[in-house]
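Everything numeric in this text was worked out from a predicted model, so none of it was measured. In what follows, chains are A, B, ... by sequence order, proteins preceding strands, each numbered from 1.
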Amino acid sequence: MKNKEIAKIFYEIADLYEMQDVQFKPRAYRKAAQNIESLGKDIEEVYEQDELGNIPGVGESIAEEIVEYVETNTVERLEKLKKDMPIDLRSLSSVETLGPKKIKDLYNELGIKNLDDLENAAKEGKIRHLEGFGKKTEENILENIAFAREKGDRFLLGYVLPEAKEIVEKLEKKVDKIELAGSLRRMKETIGDVDILVVTNKSSKIMDYFTNMDRVEKVIAKGDTKSTIRLYGGIQVDLRIVKNESFGSALQYFTGSKDHNVKLRKIAQNNYFKLNEYGLFKKDARIAGKKEKSVYSKLGLDWIPPELRENRGEIDIAKKGNIPDLIKYDDVKGDLQMHSKWSDGSNTMVEMVEESRNIGHSFIAFTDHVGSLKVAGGMDKKEWEKQGKKIDKLKEKYDDITIFHGLEANIKKNGELDISDSFLNEAEVVLASIHSSFRMDKKEMTNRVIKAIENRYVNILSHPTGRKIQKKEAINLELDKVFNVAKENNVAIEINAYPERLDLNDVNVKRAIDQKVKLSIGTDSHRKDHLRYYKLGIAVARRGWAQKIDVINTYSARNLKKFLNK
DNA sequence: GCCGTTTTCGGCCCGACTGTTTTCAGTCG
Ligand SMILES: Nc1nc2c(ncn2[C@H]2C[C@H](O)[C@@H](COP(=O)(O)OP(=O)(O)OP(=O)(O)O)O2)c(=O)[nH]1
Ligand SMILES: [Mg+2]
Ligand SMILES: [Mg+2]
Ligand SMILES: [Zn+2]
């Protein structure tokens, strides 16, 4: 898949055009880049089918450049732009307060190309003399370079969410209303910062409190309606305060995404309205603002669940009144992947069951590793049967939760599973997954996975693409073929809910839904506190437009048994 | 550069905070 590479090229072109003060092209290139990134389809396939023009935001000239890249591995336009501006734009932009205009001036006036150049110039006091710069600007730059150097990737949803909720709890008692917004409310898999919306009439007091909390490393900005802080550990938090009359429109604004907002505001314009965080206005009259729902309805749209607000077609569907009833966070009745001490988990089965009951699950499956995966404590048949005896006891002990005795088998290089049929036949749930030989030709890999799915004992294809966010690329797989075969064989595709996996991801869930293949949520818990991550799985399902019927975890234990006894 | 139930050419979202300015540009949300 060259989607990411190509998107990166177009983002870079956008940035370079922006520095040259070229109008609107940056927007066009960014939009194309985003749509290529979230295509959910291999762009080379689209190229082969000669359908590049069907990608939103891709017109004649960008399509030509995609062709150019696929065929020559380079895009002339970018090479030329880079020659004119041979600087490390990425690292310079990562310095807070440095944007395209300042970076351009710094290069033109002082020849600054990278962070080292920047640091030297600032230390030598050269920057303060430039027009539009000053002493304070120079000091800020120097201060921010250090953070830019150590700043890492975006944060994982599963790890930020609890921290964000802690901050909300601290503020909650002091304000009238509070809500998480931004990418956290949209439940995006990675999070750039924490965005919090508040209603209060004691704005300056709250801002004082917010900017003086424990763990605040730096106050980046502070005003009456908006402040930004950075906590130790690098997480940035934005706080926005509005009056109650604007709560709904502010929540709409602050939830985003940016592109979703821009499109809504365009629709408002077309209706001779104006939309901003303070409300929807007809002339000077506020016709919506208190409730988010009325902002959408006054624009002629269904209310859109935050998870869908990525400007990937949801607005057109809302206009037609066709937003589906997505799976809800309390629709899921159980967890279909977890490990215990019997393989590589760190809690006992009793502890896992107790915690699952606390969560409110009505069924769970133990899916400990079996077979050749010895590093993960892979059990042989005898040991797994011993585990079964224990599970029988647990089944007797607990009458409020159904426990399935499952297993996670490995898909060998040739597509066979690494345990015998008689072993597979004993399990109530069979997960199949790839744990080795990740690098294979796309066709070979697809055949390998399909062969596993066609195994009559397999119920769930687990962590189907093997990606780990920011750590490991997805395997080469023709997902559409895999989904098709899975559907025919009554195999569910997993949404692995572990924070760094989230595999399938949102766009691939959408493709699965389109093919009507069933989905299974499993936390892949290796400790009892991982069990809470099932909500991340639901979030991914929602972001992929899944409804209740698409997800087998919403079945009653009875109906789930039927599905598993295929 | 892209796009269209107001357009195939003329627009392209709208506002807060900071530092540099003497009325606003740049960056960010
Ligand atoms: N109308 C409008 N809204 C914006 C713009 N930039 C940001 N917003 C809104 C929508 C965003 O979801 C929200 C919060 O901004 P963030 O920069 O934190 O983005 P977001 O949380 O979506 O993603 P993140 O994970 O933080 O990178 O503010 C903009 O340029 N125009
Ligand atoms: Mg954010
Ligand atoms: Mg933010
Ligand atoms: Zn494991």
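Proximity of A/Thr228 to the phosphate of B/dC28: no side-chain N or O atom is located under 4.0 Å from OP1 or OP2. A sub-4.0 Å separation between OP1 or OP2 of B/dA16 and a side-chain N or O of A/Lys226 is absent.
Between A/Met85 and the options A/Asp15, A/Ile103, A/Leu16, a side-chain contact (heavy atoms from CB on, under 4.5 Å) holds for only A/Leu16.
With respect to A/Lys218 and A/Glu96, no salt bridge is recorded, no charged nitrogen being found less than 4.0 Å from a carboxylate O. A salt bridge does not link A/Lys481 with A/Glu45: every distance from a Lys NZ or Arg NE/NH1/NH2 to an Asp or Glu carboxylate oxygen is 4.0 Å or more.
Atom pair A/Asp105:CG and B/dA25:C1' shows a separation of 11 Å (rounding to whole Å applied). For the pair A/Asp259 CG and B/dC14 P, the interatomic distance rounds to 15 Å; values are reported in whole Å.
Geometrically, A/Lys177 engages A/Phe247 in a cation-pi contact defined by less than 6.0 Å to the ring centre and at most 45° from the axis.
In this structure, of B/dT18, B/dC12, B/dG29, it is B/dG29 that holds the atom nearest to the side chain of A/Asp238. Nearest to the side chain of A/Val262, among B/dC13, B/dT20, B/dC14, sits B/dC13. Ranking B/dC13, B/dT18, B/dG1 by closeness to the A/Arg27 side chain, first place goes to B/dC13. Nearest to the side chain of A/Gln269, among B/dC14, B/dT6, B/dG19, sits B/dC14.
Taking the P atoms as reference points, B/dT21 lies 15 Å from B/dT27, given to the whole Å.
Under the stacking definition used here (centres under 5.5 Å, planes under 30°), the residue A/Phe133 fails to qualify as stacked on the base of B/dT20.
At a threshold of 4.0 angstrom between heavy atoms, the contacts of A/Asp224 are confined to the sugar-phosphate backbone, with no base atom among them.
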